[in-house]
Protein chains: 2
Amino acid sequence: MKLSTSFPIQDWYSKLQNHGYRLTETRRAVVETIANSDRVLDPNQIFAISREHCASLGLVTVYRTLAKLEQLSLIQRVHQPDGCSAYFPVVDGHQHMVICQDCGRVEYFTGDTLESLMKRVGMESGYQIHDHWLQLLGKCGFCQENSR
Amino acid sequence: MKLSTSFPIQDWYSKLQNHGYRLTETRRAVVETIANSDRVLDPNQIFAISREHCASLGLVTVYRTLAKLEQLSLIQRVHQPDGCSAYFPVVDGHQHMVICQDCGRVEYFTGDTLESLMKRVGMESGYQIHDHWLQLLGKCGFCQENSR
DNA sequence: GTGATTGCAAAGCGTTTGCACCGTA
DNA sequence: TACGGTGCAAACGCTTTGCAATCAC
């Protein structure tokens with residue numbers, strides 16, 4: 001399984017510019033923080049990390065940048081038992097996630113078997129299925145090691 | 001597929017009493033509202049509906065009752081794209097949900113194929129999988145009909 | 001230069017807490 | 001009677017908005 005590491009930041013910048021958004025120092029700091037993270041981050045964490053590279057950054061800018069990135073489908077909100085304000089980059093092909101509940105690390109996996117299941121449920125329930133979420137919660141290898 | 005309708009309220013009352021909680025008029029109103037609903041409801045909706053049967057009810061009591069019911073695993077928080085503050089009764093056997101994004105109606109289905117998938121992902125990623133969420137989002141038969 | 005972007009302060013919103021009174025068991 | 005439950009008002013934390021100054025293009 002491929003480790004989720006960094007995403008091509010240049011693509012993020014291009015997409016932002018193609019939509020009329022400007023590349024400022026503060027925005028770069030926020031984008032880099034998220035794109036380079038291998039774990040889910042909430043606004044405050046993003047703020048704290050980004051601020052190390054751009055001292056003048058305000059929390060408000062983090063929120064505004066998150067809104068733009070989400071709108072461009074570069075990031076997605078991640079739902080967890082203790083809240084749903086964390087974010088993580090979107091990968092192509094709409095794969096599914098395993099999230100470490102200790103450190104927030106994320107891995108992706110494919111769920112080929114889901115297609116038939118969704119079709120079956122749609123038939124039996126009479127619902128038109130628009131979207132689906134499959135998410136596994138657990139403890140990653142590093143955190144298993146650390147808690148010994 | 002079985003339509004999710006009402007849940008045996010007496011069981012809810014028993015469980016509350018067995019845990020040292022008292023049955024007041026306000027609490028009954030809140031419990032009945034949730035147990036009799038076939039769709040997800042947020043605190044304000046629960047408040048509005050329950051208040052019809054108990055005019056003195058305050059929103060604070062709704063929150064406090066929700067906390068107790070969730071702690072007793074009688075209800076669960078439901079996560080949706082536009083927020084995660086809605087609740088729905090828990091059914092035995094940890095089945096999965098299809099939620100109508102128009103009206104909030106819920107149907108349950110079983111996901112037998114998931115066991116092997118989770119085992120596979122656990123092996124390949126090195127994660128200890130503790131929990132999983134599978135949730136389908138769509139439009140129920142009633143809402144399809146109404147939007148014609 | 002134009003218009004997007006910024007930080008600050010303030011407003012907004014959903015949720016929780018402190019408290020004195022009330023009601024169940 | 002004892003103690004859990006209640007509503008109200010206030011506090012709280014997270015998120016959004018108004019505004020004048022700033023900066024990318």
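Chain identifiers are assigned alphabetically (A, B, ...) following the order of the sequence lines, protein sequences preceding nucleic acid strands; residue numbering begins at 1 within each chain.
- If you take CG of A/Leu59 and C1' of C/dT6, they are 13 Å apart, rounded to a whole angstrom.
- Taking atom CG on A/Asn44 and atom P on D/dG13, their separation rounds to 12 Å, with Å as the unit.
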### Task
Could you please spell out the steps behind the side chain to side chain contact (heavy atoms under 4.5 Å, CB included) verdict for B/Ile46 and B/Thr65?
CA-CA 11 Å; B/Ile46 295 167; B/Thr65 305; over 6 Å; no
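- Nearest nucleotide to the B/Tyr63 side chain, out of D/dT15, C/dT16, C/dT5: C/dT16.
- B/Leu136 is not connected to B/Val90 by any chain of hydrophobic side-chain contacts under 4.5 Å among Ile, Leu, Val, Met, Phe, Trp and Tyr, and they are in different clusters.
- Between A/His96 and B/His132, a ring centre-to-centre spacing not shorter than 6.0 Å is recorded.
- Side-chain atoms of A/Gln45 come within 3.5 Å of backbone N or O of A/Asp42 as a donor-acceptor pair.
- The distance from atom CD1 of A/Ile46 to atom P of D/dT15 is 10 Å, rounded to the nearest whole Å.
- Rounded to an integer number of Å, the gap from B/Gln45 CD to C/dT15 P is 12 Å.
- Atom-to-atom, OH of A/Tyr13 to P of D/dC25 comes out at 12 Å; the value is rounded to the nearest Å.
- With sequence neighbours left out, A/Cys54 forms a disulfide (SG to SG under 2.5 Å) with no residue at all.
- The distance between atom CG of A/Leu66 and atom C1' of C/dT5, rounded to the nearest whole Å, is 15 Å.
- Side-chain proximity of B/Arg64 to D/dT15, C/dT17, D/dG18: nearest is C/dT17.
- Counting non-hydrogen atoms of other residues, nucleotides and ligands closer than 6.0 Å to CD of B/Glu70 gives a total above 12.
- For residues 15-33 of chain A, proximity to DNA chain C is found at A/Tyr21, A/Arg22, A/Thr24, A/Thr26, A/Arg27, defined as any non-hydrogen atom under 4.0 angstrom from a strand atom.
- Atom P of nucleotide C/dT5 and atom CG of A/Leu57 are separated by 15 Å, given to the nearest angstrom.
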Side-chain donor-acceptor pairs of residues 7-17 of chain B under 3.5 Å, sequence neighbours excluded:
{"unit_1": "B/Tyr13", "atom_1": "OH", "unit_2": "B/Glu32", "atom_2": "OE2", "d": "3.4"}
{"unit_1": "B/Ser14", "atom_1": "OG", "unit_2": "B/Gln10", "atom_2": "O", "d": "2.9"}
{"unit_1": "B/Lys15", "atom_1": "NZ", "unit_2": "B/Leu72", "atom_2": "O", "d": "3.1"}

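- Here C/dT16 is the nucleotide among D/dT6, C/dT16, C/dC8 with the atom lying nearest to any side-chain atom of B/Val60.
- A straight line from CG of A/Asp42 to C1' of D/dT15 spans 13 Å, rounded to a whole angstrom.
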